[in-house]
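Counting starts at 1 for both ligands and their atoms, in listed order.
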Amino acid sequence: MTERVKVLIPQEEVEKRADEIAARINRDYEGKSLHLICILKGSVFFTAELAKRLTIPVTMDFMSCSSYGSGTVSKGIVKLVKDLDEPIEGRDVLVIEDIVDSGNTLSYLLGLLADRKPASLALCTLLDKPARRVKKDVVVDYCGFEIEDHFVVGCGMDYDQRYRNLPYVGIMELEGE
Ligand code: IMP
Ligand code: MG
């Protein structure tokens, strides 16, 4: 089977969008400190892109959960693999994701985080695939790009743990199945 990656969103567009979203976040949280929560591993790259553009005081923490197997189809079961290091009670929290697909992961994670009583809780994602949403309660506050129902890689997103380091978003094409 041959794997091919076709560019969907070039690096320059991703970076330009990161500029725009960071500017909005800087405005929205003016006078406050923001606690960024990076969802490992996929959102590492986008979190870094955003964080280095933020001028408000920022702290960061990381959590990890699994909802996908090794292929391209969600199992719908979310498991917490690594919890945060620090409490979030009373803090302004922004969760950063690579992509919201069914919404299963974020529905579970946002519920878990809301129970810890942050001062505010918002969600930022590089990509949103609204056509695939199962969990309608997931509200995206900052969205990079809405995309069609493609399986994508790059900018942190993987296919069997590969391609995360591509600096653009590409469509994963599998030929000869
Ligand atoms: P959800 O729980 O179905 O919303 O899926 C969320 C997670 O699945 C994302 O954080 C990604 O890690 C992964 N995922 C969903 N769609 C894609 C894709 O097109 N490419 C790579 N990973 C994806
Ligand atoms: Mg992810």
Under 3.5 Å, is there a donor-acceptor pair between the side chain of [X] and the main chain of [Y]?
{"X": "Lys82", "Y": "Phe62", "answer": "yes"}
{"X": "Lys6", "Y": "Glu173", "answer": "no"}
{"X": "Arg17", "Y": "Gly144", "answer": "yes"}
{"X": "Lys136", "Y": "Arg133", "answer": "yes"}

Reported CE-to-CD1 distance for the pair Met63 and Ile37, which is rounded to 0.5 angstrom: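 CD1 of Ile37 is found 6.5 Å from CE of Met63.
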
Numbered atoms and elements of ligand 1 in range of [X], under 4.0 angstrom, heavy atoms:
{"X": "Asp158", "answer": "21 (C)"}
{"X": "Glu97", "answer": "10 (O)"}
{"X": "His150", "answer": "19 (O)"}
{"X": "Thr105", "answer": "1 (P), 2 (O), 5 (O), 6 (C)"}
{"X": "Asn104", "answer": "2 (O), 4 (O)"}

Option with minimal heavy-atom separation from atom 11 (C) of ligand 1, where the choices are Ile77, Ile99, Ile39: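 Shortest heavy-atom distance from atom 11 (C) of ligand 1: Ile99.
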
Shortest heavy-atom approach to atom 4 (O) of ligand 1 - which of Ser43, Gly156, Gly103, Ser107: Gly103

Sub-3.5 Å N/O-N/O distance, Phe151 and ligand 1: no

Asp19 side chain near Arg53 side chain, heavy-atom distance below 4.5 Å: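 Answer yes - side chains close enough.
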
Parallel, tilted or perpendicular: ring planes of Phe151 versus Tyr159, cut at 30 and 60 degrees: perpendicular

Non-hydrogen atom of Arg133 closer than 4.0 Å to ligand 1: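 The answer is no: ligand 1 sits nowhere under 4.0 Å from a heavy atom of Arg133.
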
